[in-house]
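Report on the following structure.
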Amino acid sequence: MAEQINSAAGNTTGSGAKRWSFWPSILRWIPTSTDRIIASEKRLLSLVRTPYTQEQVNIGTGPPGSKVRWFRSVSNEPRSINTVTFDSKEGSPTLVMVHGYGASQGFFFLNFDALAKHFKVIAIDQLGWGGSSRPDFTCRSTEETEDWFIDSLEEWRKAKNLSSFILLGHSFGGYVAAKYALKHPEHVQQLILVGPAGFSSETEHMSERMTQFRATWKGAVLNQLWESNFTPMKLIRGLGPWGPNLVRRYTNARFTDLTEESSGLLSDYIYHTLAAKPSGELCLKYIFSFGAFAKSPLLYRAPDWKVPTAFIYGHQDWMNYRGAQQARKNMKVPCEIIRVPQAGHFVFMDNTSAFHSAVLYACRRFISPQKDSDSLPEGLESV
């Protein structure tokens, strides 16, 4: 049963998740638990003024007919997707937001208020991330791994009874959103890909510098770590009680424009979501080769695109917008590429107002269909 939460009032709910340990947090090597993930989420979202509903959406044990189950267990335990839905005006278009790798839906906390004025905003934690279920990761191929995320998103859509929606994905979430739209275009009205991963392939974009780096002992070590599925989260878990401090230092250094309060709450939230049981994070080696090159590049699927698409990149985004430009040449649907100034890969946190303008512009036909103006808002760049 969903529970209504007024974020402005800071009300909290009890989590139905089981605790991983009866030991007090201070006595545990990894001071986190499923309950603490949800608690840290509620503290972070207390900064959001728009009331919202938080629920665990049951997606069953796996998609019908699929060889991949969320959890290969004799118990066939059902799994759930942690979901937050923000209050909106009746008749508002639905915007589903999907986070990237190493993140979860709370990363959009600076955007919820602004976007909820125009959309029915629904943000999710992908399966194996954040406050969603974390089943054992059993995939052993690129195809199985893609199905893990695409099919769990589809089962979530069915459970929420959504017929059509605008789908926004950031980074790896952009890769998942694009693959979902390729498989289920009838449900996606508009695709918004924010600094999406997975457009370039290793063979086409391997730089001379990367080739030379791989030939060094450092490159060989890092490549071996990649192939062994070593993730940054393993380092955080390995540090145990020193993990929160490492995350706090990263958050303070990367998101310098946050207030002291929001930085502290975000840091706490990031730690608990990263230090929890490994699950979805283990997808990395099956989706990308060393250097973040896609094994099944979206560029090759451009002729199959059936959904109007808007790309949004920060000017300093390490994801190259030229891959989107190349793909656009082979797309048969409307496609726009927008660059946001004074922003990097986390464009929605680096320059929130410009990011919101870019999203509203991309969705203008849903928000103000009577307007004829296609003028790009001031400060944004179309490429």
Side-chain angles (χ1 to χ4, degrees), residues 7-8 44-52 84-89 91-100 103-124 165-171 173-174 177 188-196 254-259 262-263 265-266 308-317 319 321 324 334-371 373-383:
S7 59
L44 179 64
L45 295 187
S46 70
L47 301 175
V48 181
R49 295 185 298 274
T50 308
Y52 68 93
V84 290
T85 303
F86 292 85
D87 285 2
S88 61
K89 295 180 181 178
S92 298
T94 299
L95 174 66
V96 175
M97 305 181 73
V98 183
H99 63 83
S104 35
Q105 54 82 10
F107 272 63
F108 296 117
F109 78 103
L110 294 177
N111 315 118
F112 291 142
D113 280 329
L115 296 179
K117 295 177 181 178
H118 306 275
F119 305 96
K120 178 182 179 181
V121 176
I122 307 177
I124 66 169
F165 50 90
I166 300 165
L167 182 58
L168 181 152
H170 171 244
S171 195
V188 182
Q189 298 169 295
Q190 170 81 33
L191 193 58
I192 303 176
L193 305 180
V194 183
R254 175 59 184 83
F255 305 110
T256 55
D257 291 334
L258 295 179
T259 65
S262 59
S263 181
L265 292 175
L266 178 61
T309 302
F311 295 86
I312 301 176
Y313 292 88
H315 269 217
Q316 290 78 46
D317 197 331
M319 290 294 180
Y321 68 91
C335 176
E336 299 173 311
I337 303 174
I338 303 169
R339 299 185 72 201
V340 176
Q342 301 175 353
H345 189 51
F346 290 96
V347 55
F348 49 88
M349 297 179 72
D350 296 333
N351 191 339
T352 55
S353 60
F355 171 74
H356 299 152
S357 294
V359 172
L360 295 179
Y361 177 76
C363 299
R364 58 194 180 280
R365 65 190 178 100
F366 300 101
I367 299 172
S368 304
Q370 70 279 5
K371 290 187 177 180
S373 176
D374 278 342
S375 300
L376 191 70
E378 184 177 356
L380 301 179
E381 177 186 352
S382 179
V383 294

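- Scanning both residues, T50 and D87, for their nearest heavy atoms gives CG2-O, 3.7 Å.
- Within the model, atoms CG of D113 and CZ of F86 stand 7.5 Å from one another, a figure rounded to the nearest 0.5 Å.
- The shortest heavy-atom contact between I192 and I312 is CG2-CD1, 3.8 Å.
- Minimum heavy-atom separation, Q105 to I124: CB-O, 3.4 Å.
- Of the inter-residue distances, the one linking T94 atom OG1 with L167 atom CG reads 11.5 Å to the nearest 0.5 angstrom.
- Here the straight-line distance linking atom CD1 of I166 with atom SG of C363 works out to 4.0 Å at 0.5 Å rounding.
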Problem - Chi angles and distances behind the side-chain contact (heavy atoms from CB on, under 4.5 Å) call for F165, K120 - result: CA-CA 10 Å; F165 50 90; K120 178 182 179 181; over 6 Å; no
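- For H345 against S171, the heavy-atom pair with the smallest separation is NE2-OG, 2.9 Å.
- Ring geometry for F346 against F255 counts as perpendicular: the plane angle is over 60°, on a 0 to 90° scale with 30° as the lower cut.
- Once rounded to the nearest 0.5 Å, the distance linking CZ of F107 with CE of M349 reads 7.0 Å.
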Exercise for the section: Could you check F366 against H118 for ring-ring contact (aromatic ring centres under 6.0 Å, His included), going step by step and ending with a plain yes or no? Expected result: CA-CA 10 Å; F366 300 101; H118 306 275; over 10 Å; no
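- Here the options are I338, L110, N111, the test is side-chain contact (heavy atoms from CB on, under 4.5 Å), and the partner is F355; only N111 passes.
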Exercise for the section: Test side-chain contact (heavy atoms from CB on, under 4.5 Å) on Y361 and L376 and set out the steps. Expected result: CA-CA 7 Å; Y361 177 76; L376 191 70; 3.4 Å; yes
Problem - Stepwise side-chain contact (heavy atoms from CB on, under 4.5 Å) check, L265 with S263 - result: CA-CA 6 Å; L265 292 175; S263 181; over 6 Å; no
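- Taken from NE2 in H315 to CG in D350, the straight-line distance is 12.5 Å, to the nearest 0.5 Å.
- Between Y321 and F311, the gap from one ring centroid to the other reaches at least 6.0 Å.
- In this structure, F108 and H170 have perpendicular ring planes: the angle between them is above 60°, well past the 30° mark.
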Exercise for the section: Evaluate side-chain contact (heavy atoms from CB on, under 4.5 Å) for L45 paired with F112, printing each intermediate quantity in order. Expected result: CA-CA 9 Å; L45 295 187; F112 291 142; 3.8 Å; yes
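- A search for side-chain hydrogen bond (donor to acceptor under 3.5 Å, both in side chains) contacts involving Q342 returns nothing, not counting sequence neighbours.
- The two residues R365 and P308 have their closest heavy-atom pair at NH2-CG, 3.6 Å.
- Minimum interatomic distance between A354 and V340 (heavy atoms only, all atoms of both residues): CB-CG1, 3.5 Å.
- Panel note: side chain D317, backbone V347; no donor-acceptor pair is recorded below 3.5 Å.
- The CZ atom of F109 sits 10.0 Å away from atom OG1 of T352, with the distance rounded to the nearest 0.5 Å.
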